[in-house]
Protein chains: 2
Amino acid sequence: MSDGGKARRDTLFVGALAKGLRVLRAFDESKSEMSLGELSQRTGMDKSAIQRLVNTLHHEGFLDKDPVTRRLRPSHAWLELAYCYYWSDPLVGAALPKLIDLSRQLGETINLAEISGDHIIYVSRLPCKRTYFAASIIGRRLPALSTSAGRAILSTWSQAEREAAIETWPLKAFTPRTTLDRDQIRRHIDETVANGFAMSRDQMLLNEVAIAAPIIGPDGRAFAGVQCSVSAYTWDDARVREEILPSLLDTANSISPSLRG
Amino acid sequence: MSDGGKARRDTLFVGALAKGLRVLRAFDESKSEMSLGELSQRTGMDKSAIQRLVNTLHHEGFLDKDPVTRRLRPSHAWLELAYCYYWSDPLVGAALPKLIDLSRQLGETINLAEISGDHIIYVSRLPCKRTYFAASIIGRRLPALSTSAGRAILSTWSQAEREAAIETWPLKAFTPRTTLDRDQIRRHIDETVANGFAMSRDQMLLNEVAIAAPIIGPDGRAFAGVQCSVSAYTWDDARVREEILPSLLDTANSISPSLRG
DNA sequence: GTTTCATGTATCGCAATGCAATACGATAAA
DNA sequence: TTTATCGTATTGCATTGCGATACATGAAAC
C-alpha cells in the first residue's frame with residue numbers, strides 16, 4: 001500500500017529519485033501547500049523519507065519553505081521547467097504567433113491543446129475574457145474524450161484507434177451536462193470526422209461553447225488542436241460557425257505545414 | 001570538478017535525487033533535446049549515472065524519449081508542474097483577471113513578473129502582438145536590474161536594500177544598448193522611487209519600450225510588478241505616459257489590496 | 001501554568017541500493 | 001567490412017539512503 005508503486009527491481013531504476021519526483025507530484029490544484037505530515041500522508045511514505053526528500057528538494061530550489069509555518073510550496077523552478085518545455089516543443093514555436101493573431105482577430109480565448117496519453121493538455125492559452133481560473137492557465141490536463149480539442153484530434157486517427165479510445169479512455173463529469181455516454185461521444189466524433197472540426201457545449205463548464213480544429217501532421221494524423229472557448233450567452237451555433245470557424249480552420253491549417261515530416 | 005556540487009555530506013541530503021534534478025536543470029533554451037552523451041557532458045556526470053537517472057526520469061514520465069533517435073526531451077509533466085505552481089501562488093489568482101482586462105483594454109502585451117532572488121521571473125504573460133518567442137512564454141528569468149519590472153519592485157525597498165542590489169546583482173548585455181553602468185541604473189531607480197513606475201528602452205530587445213508598476217504589499221514592499229511592453233516604432237514617451245501609464249498603475253494598485261497582510 | 005499533542009529537526013547503525021567499470025549490440029559513417 | 005559512436009545490459013562492492021527513535025518547539029487544552 002504505502003510504497004505500492006516501487007515497481008521495478010531494475011538495476012537502472014533509482015528509487016530515491018523516483019520518490020523525490022513523487023513528492024513533486026503530490027502537489028495539485030486542491031493541495032498546493034503542504035506540511036511534512038500532509039506530504040507523508042499523501043505520498044504514503046514515512047516521515048523520515050519525506051523529511052530527507054523535502055530537504056533535498058528545498059536545497060536544490062524545487063520547493064519553497066514558508067519561514068514561519070514551515071509549509072512547502074512549489075517554487076519558481078516549476079515555471080522555469082515550463083519555459084524549457086516550450087523551447088523543446090517545436091509545435092509551440094510554430095503555432096504561437098498565429099494563435100496570437102487569431103486571438104486578436106476574434107477577441108476570444110484561444111488555446112493550443114496537445115494529446116497526452118488519454119488526456120489533452122493545454123500547452124498555450126491566450127485568455128481574452130475573464131473566465132474561471134483553471135481555464136486561463138497552462139498545463140491543465142483534461143480527459144480527451146470530453147474536450148472538443150481531444151475529439152478533433154481523435155477524428156484524424158484511424159477508425160480502429162478511434163474506437164479503442166472511445167471505449168477505453170476515461171470520462172469524468174465536470175458539469176451536470178458533461179457527456180458520459182460513449183455512444184453519444186462516438187456519434188459526435190463521427191460528425192467531427194466528416195466536418196473537420198469539433199464543437200461542444202457545457203462539457204467542462206456550463207454555458208461554455210468550445211470549438212476546435214485539428215493540426216494535421218504530414219501523415220494525416222493530428223496530435224494537437226487549436227481551440228476557442230466562448231460563452232453561450234453571447235454566441236449561438238450559427239454565429240460561431242460563421243464568425244469563428246473559418247479563421248480557426250485557417251489558423252490550424254496554416255500551422256500544419258510547419259510540422260516536419 | 002565533475003560532481004563539484006555534491007556538497008553536503010548531510011544525512012538529510014539525498015544525493016541521488018539531487019543528481020536527478022540536475023539532469024532536469026541541464027535542459028535550457030539553447031539545449032532542449034539531448035542524447036545520453038550530451039547530458040553526461042553537460043552535467044559532468046558519468047555515462048552510467050546518466051543512464052540510470054534518465055531511465056528513472058523517463059519511467060516516471062519526466063522525460064520523453066524519441067523512439068527513433070532515443071534523444072530526450074522535457075515532457076508534458078513539466079507543464080503540469082507549472083499548473084500546480086499557479087494554484088500555489090496567491091498573487092496569480094488575484095492578478096490574472098485584472099491583467100486580462102488590462103491587456104484587452106490596451107491591446108498590448110501585459111506581463112506579471114515576480115522577484116526571484118536577483119532575477120525577475122515572468123509568471124504570467126498575455127501577448128497581444130507578435131514578438132520574439134522568448135517574450136511570449138512564461139518562466140523566463142531575467143536579471144532584475146535590467147528590467148523595468150525589477151526596478152519597479154526594487155523602488156519599493158529600503159534605501160539599503162536597493163543599494164545592495166544595485167551594487168551586487170548581476171547584469172548581462174542582451175542588446176548593444178542594455179545598461180551596464182550601475183550608476184545609471186541607480187539614477188533610474190531613484191527616479192522610479194519618485195515616480196512610482198519604471199520605464200526603460202532597448203534593455204532586452206531593441207526598439208522595445210517597457211513600463212512597469214510595482215504591486216505593493218501590505219508592508220509597503222513589492223515583490224511583483226505589472227509590466228507592459230510596446231514597440232518604440234509606434235509609441236513615443238508622451239503617448240505611453242498618457243495612454244498606458246494610468247491604467248497600468250490602476251491595475252497594479254487594484255491588485256495590492258488582495259495580498260494578505 | 002502545566003499537560004498534551006502535533007509538528008519540525010536531529011542522530012545513528014544497518015544493509016539495501018545506487019555506483020562505475022565493463023561488456024554487448026545496434027546503427028551510421030568511412 | 002571496418003571503425004566509431006551511442007544506447008543497453010550486467011555485476012560485485014561499499015556508499016548511501018533507510019526508518020526507528022529521540023529531541024525541540026510551539027500551540028491548544030484544561
Side-chain angles (χ1 to χ4, degrees), chain A residues 1-24 26-27 31-60 62-75, chain B residues 1-24 26-27 31-60 62-75:
Chain A
M1 40 137 290
S2 40
D3 59 344
K6 185 181 288 181
R8 55 172 62 174
R9 166 74 45 250
D10 191 334
T11 119
L12 293 178
F13 189 70
V14 180
L17 172 54
K19 285 189 190 172
L21 298 173
R22 230 160 282 155
V23 170
L24 299 183
F27 292 85
K31 213 98 164 106
S32 59
E33 179 187 303
M34 285 188 265
S35 66
L36 286 184
E38 288 173 294
L39 272 167
S40 165
Q41 239 186 332
R42 276 221 151 198
T43 58
M45 299 191 257
D46 78 34
K47 230 179 97 161
S48 292
I50 292 293
Q51 183 189 10
R52 261 172 291 114
L53 297 171
V54 160
N55 231 280
T56 307
L57 289 166
H58 177 55
H59 184 265
E60 296 294 311
F62 278 83
L63 283 178
D64 282 347
K65 190 187 277 186
D66 185 307
V68 41
T69 69
R70 318 259 81 189
R71 290 168 72 80
L72 300 147
R73 292 188 318 129
S75 76
Chain B
M1 37 137 291
S2 42
D3 57 343
K6 185 181 289 183
R8 54 174 61 174
R9 166 77 41 250
D10 191 336
T11 121
L12 294 177
F13 189 70
V14 181
L17 172 53
K19 284 190 191 172
L21 299 173
R22 229 161 282 153
V23 171
L24 299 183
F27 292 85
K31 213 97 162 110
S32 58
E33 180 186 304
M34 286 188 265
S35 66
L36 286 184
E38 288 173 293
L39 272 166
S40 165
Q41 240 185 331
R42 274 221 150 196
T43 58
M45 300 192 257
D46 78 35
K47 229 179 98 162
S48 291
I50 293 294
Q51 182 189 11
R52 260 173 294 114
L53 298 171
V54 160
N55 231 283
T56 308
L57 290 167
H58 177 56
H59 183 263
E60 295 295 310
F62 277 83
L63 283 179
D64 281 348
K65 192 188 275 187
D66 185 308
V68 41
T69 70
R70 319 258 81 188
R71 290 168 72 81
L72 299 147
R73 292 187 319 126
S75 76

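In what follows, every chain begins at residue 1, and chains take the letters A, B, ... in the order their sequences are listed. This structure is a prediction, so every number in the text was calculated from the model and none was measured.
A distance of 11.5 Å separates CG of D64(A) from CG of L57(A), quoted to the nearest 0.5 Å. The line from CE of M34(A) to CG of L63(A) is 9.0 Å long, rounded to the nearest 0.5 Å.
Put simply, the side chain of M45(A) reaches to within 4.5 Å of the side chain of V23(A), judged on heavy atoms.
Within the 4.0 Å cut-off from OP1 or OP2 of dG17(D), not a single side-chain nitrogen or oxygen of K19(A) is found. The phosphate of dT9(C) (OP1 or OP2) has a side-chain N or O of R70(A) nearer than 4.0 angstrom.
Between L36(A) atom CG and dA10(C) atom P the separation is 12 Å, expressed in whole Å. Summarising the geometry, the separation between CZ on F13(B) and P on dC12(C) is reported as 21 Å, rounded to the nearest angstrom. When the P atom of dA20(D) is taken as reference, atom CD1 of I50(A) falls 14 Å away, rounded to whole Å. Atom pair Q51(B):CD and dT22(C):P shows a separation of 15 Å (rounding to whole Å applied). If you take CG of N55(A) and P of dT7(C), they are 18 Å apart, rounded to a whole angstrom. Separating the CE atom of M45(A) from the C1' atom of dG17(D) is a distance of 13 Å, rounded to the nearest angstrom. Here dC12(C) presents its P atom at 12 Å from CG of L12(B), a figure rounded to the nearest Å. Atom CG in D66(A) sits about 16 Å away from atom P in dT7(C), given to the nearest Å.
Comparing L53(B) and R71(A), the nucleotide of DNA chain C nearest to each residue sits closer to the 5' end for R71(A). Each of A16(B) and K65(A) was matched to the nucleotide of DNA chain C holding its nearest heavy atom; the match closer to the 5' end belongs to K65(A).
With hydrogens and angles disregarded, a donor-acceptor distance shorter than 3.5 Å links the side chain of T56(A) to the backbone of R52(A).
Interface remark: the K47(A) side chain does form a donor-acceptor pair with the dG8(C) base, using a distance-only criterion of under 3.5 Å. Within 3.5 Å, a donor on the side chain of R52(A) pairs with an acceptor on the base of dG19(D), or the reverse.
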Dump the intermediate steps for side chain to side chain contact (heavy atoms under 4.5 Å, CB included) on R71(B) and E38(B), then the final yes or no. CA-CA 10 Å; R71(B) 290 168 72 81; E38(B) 288 173 293; 3.0 Å; yes
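Counting any heavy atom pair closer than 4.0 Å across all strands shown, S35(B) reaches sugar-phosphate atoms only and no base atom.
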